[in-house]
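Sharing a structure here in structure tokens format.
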Amino acid sequence: MKLKTSDKASAKKTVPPEELMSVRDWVRYMVSRMGAAEVAFGQGFVDAWDEAVYLVLHTLHLPLDRLEPFLDAALTVDECERLMRVTERRCEEREPAAYITGEAWLGPFRFRVDPRVIIPRSHIFELMQDGFAPWLDDMGEPERILDLCTGSGCLAIAAAHFFQDARVDAVDLSADALKVAQLNIHDHALRDRVEVLHGDLFEPVADRRYDLIISNPPYVTEAAMAALPDEFRREPEMALGAGADGMDIVRRIVAEAGRHLNPGGLLLVEVGRNQAETEAALPDLPLVWLDTDSATAPVFLLRAEDLEQ
């Protein structure tokens, strides 16, 4: 069969250079290709080295935490062809690493992901690892938790792991995202403690009340949406954009959360770098800004008493 010109070009792309023979060679090559292509990071990885190591080890079905023993291992022709295809998908097609591998990690927790959900990354998760101390110290561990805009279910699942006596509701407007969340809940054996609810913010929870409400909602401004790198445009737009100032969803969460918090309960909302936009949108509330190891003030906290009005 005679190949069309476009097919020939595609076939040529996937032919690996003969000089690449070891794991070490491919990690170096992938880092170089990412640099030359100026790929964007921030969807689970912060630099080319970490992402290249992950993609090489995952593609070769090697342990993700053991690079050194395999650095000088020789590769088969088939393995090199698979690595070349992964390199092209990442560098030429701008496909995020998590969508290439079908998985993403928050700490020790693995989650299935695909283009139906935003790729897990969260400052709330960083705070969760310390049990939200000292903010929960007076209340003790929460018994009922709500995760709004749950996406893949990653924060709801992590909360169920960290607070092992809690029941967690996971809400999202996207029915497609909740299909992925259901798979992850099954993988983590949490179907008896994490309930998926389809609907718009608090609508599907009816009159339920919670000790803790967490949310990593859409908060990207219109201007930032227009400037998004190609990798981020692969993610669901509804999981990112939230109006001119990025606060459309945050305003609604804050306006309704008081009716769903138990006395002494807490609301934590992630807004990334939008501290100024948040303070402008919520000028009358005593926002408590929480820092993480990786960012300054990416999450704000409000108590139930702050929201009584």
Side-chain angles (χ1 to χ4, degrees), residues 3-121 151-152 154 176-177 179-180 183-184 187 228-236 239-240:
L3 290 175
K4 299 178 183 177
T5 302
S6 59
D7 293 334
K8 289 179 181 179
S10 177
K12 185 177 180 180
K13 281 185 180 180
T14 59
V15 175
E18 294 180 359
E19 297 86 352
L20 303 179
M21 297 179 288
S22 69
V23 170
R24 186 189 303 273
D25 293 337
W26 275 99
V27 171
R28 196 282 307 163
Y29 178 71
M30 224 179 255
V31 170
S32 295
R33 284 289 302 274
M34 288 181 188
E38 297 182 346
V39 302
F41 300 102
Q43 294 168 299
F45 296 93
V46 297
D47 60 38
W49 170 261
D50 286 344
E51 187 164 310
V53 168
Y54 166 72
L55 285 171
V56 169
L57 292 176
H58 186 279
T59 302
L60 298 176
H61 305 290
L62 295 172
L64 298 181
D65 59 349
R66 297 188 65 193
L67 172 64
E68 293 294 330
F70 304 105
L71 273 172
D72 296 309
L75 303 181
T76 67
V77 172
D78 175 69
E79 288 173 329
C80 290
E81 288 176 348
R82 285 192 281 120
L83 285 168
M84 192 65 197
R85 178 58 185 143
V86 166
T87 304
E88 296 299 327
R89 289 174 68 181
R90 183 66 186 94
C91 297
E92 299 301 323
E93 300 170 25
R94 286 299 203 278
E95 192 171 354
Y99 291 162
I100 293 173
T101 63
E103 67 175 25
W105 294 77
L106 284 181
F109 305 122
R110 176 188 179 275
F111 302 99
R112 302 194 204 195
V113 295
D114 62 38
R116 291 176 290 179
V117 295
I118 191 172
I119 296 165
R121 50 192 185 272
S152 63
C154 59
D176 285 338
K179 291 176 183 177
V180 179
L183 294 174
N184 285 318
D187 289 347
L228 281 179
D230 290 343
E231 289 88 343
F232 289 82
R233 294 183 183 279
R234 297 277 192 146
E235 296 182 296
L240 297 170

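Side-chain atoms are counted along with the backbone in the values below, which use heavy atoms only and exclude waters and symmetry mates.
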### Query
Just wondering, do L57 and R66 contact through their side chains at under 4.5 Å, heavy atoms?
no

### Message
For the CG atom of L64 and the CH2 atom of W105, what is their distance to the nearest 0.5 Å?
### Response
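The CH2 atom of W105 is 6.0 Å from CG of L64, to the nearest 0.5 Å.
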
### Query
Can you tell if the side chain of V27 reaches within under 4.5 Å of the side chain of W49, non-hydrogen atoms only?
yes

### Task
To the nearest 0.5 Å, tell me how far M34 CE sits from F45 CZ.
8.5 Å

### Message
Using every non-hydrogen atom in the two residues, find where S152 and N184 come nearest and quote the distance to one decimal.
### Response
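For S152 versus N184, the nearest heavy atoms are O-ND2, 3.0 Å.
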
### Query
Are D78 and R82 within salt-bridge range, i.e. N to O under 4.0 Å?
yes

### Query
Just wondering, do Y29 and E19 contact through their side chains at under 4.5 Å, heavy atoms?
no

### Task
Find the distance between CG (L228) and CZ (R233) and round it off to the nearest 0.5 Å.
5.5 Å

### Query
How about D25 and L75: do any of their side-chain heavy atoms sit closer than 4.5 Å?
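Side chain of D25 against side chain of L75, heavy atoms only: no contact under 4.5 Å found.
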
### Task
Return the minimal non-hydrogen interatomic distance between A98 and I119, and the atom names on each side.
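In this case the closest contact between A98 and I119 is CB-CG2, 3.8 Å.
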
### Query
Are any non-hydrogen side-chain atoms of R85 and R89 less than 4.5 angstrom apart?
yes

### Query
Is it true that a side-chain atom of R234 and a backbone atom of P115 form a donor plus acceptor pair closer than 3.5 Å?
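Pair absent, no side-chain N/O of R234 close to backbone of P115.
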
### Message
For a quick test of reading the model, state the closest non-hydrogen atom pair linking P96 to E231 and the distance between them.
### Response
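Here P96 and E231 meet closest at CG-O, 3.5 Å.
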
### Query
Which heavy atom of L240 sits nearest a heavy atom of F232, and at what distance?
CD1-O, 3.6 Å

### Message
So which atom in T59 and which in L55 form the shortest heavy-atom distance, rounded to 0.1 Å?
### Response
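Between these two residues, the closest heavy atoms are OG1-O, 2.6 Å.
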
### Query
What are the two closest non-hydrogen atoms of R116 and K179, and how far apart are they?
NH1-CB, 3.8 Å

### Side chain proximity check, V180 to V113, heavy atoms < 4.5 angstrom
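A side-chain contact under 4.5 Å is absent here.
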
### Query
Using 30° and 60° as the class limits, which term best fits the ring planes of H58 and H61: parallel, tilted or perpendicular?
tilted

### Query
What's the spacing between E51 CD and I100 CD1 if we round to 0.5 Å?
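E51 atom CD to I100 atom CD1 measures 7.5 Å (nearest 0.5 Å).
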
### Heavy-atom check, side chain of R90 versus side chain of M30, under 4.5 Å
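Counting from C-beta outward, R90 and M30 never come under 4.5 Å.
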
### Flag side-chain contact, heavy atom, 4.5 Å: V31 against R28
no

### L60 and L83: CA distance, side-chain angles, deciding distance, side-chain contact (heavy atoms from CB on, under 4.5 Å) verdict
CA-CA 8 Å; L60 298 176; L83 285 168; 4.1 Å; yes

### Distance (rounded to the nearest 0.5 Å) between R33 CZ and T87 OG1
6.5 Å

### Task
Determine, step by step, whether M84 and E88 satisfy the side-chain contact (heavy atoms from CB on, under 4.5 Å) criterion, reporting the C-alpha distance in whole Å, the side-chain angles of both residues, the deciding distance to 0.1 Å, and the verdict.
CA-CA 6 Å; M84 192 65 197; E88 296 299 327; 3.1 Å; yes

### Query
Are E103 and Y54 linked by a side-chain donor-acceptor pair shorter than 3.5 Å?
yes

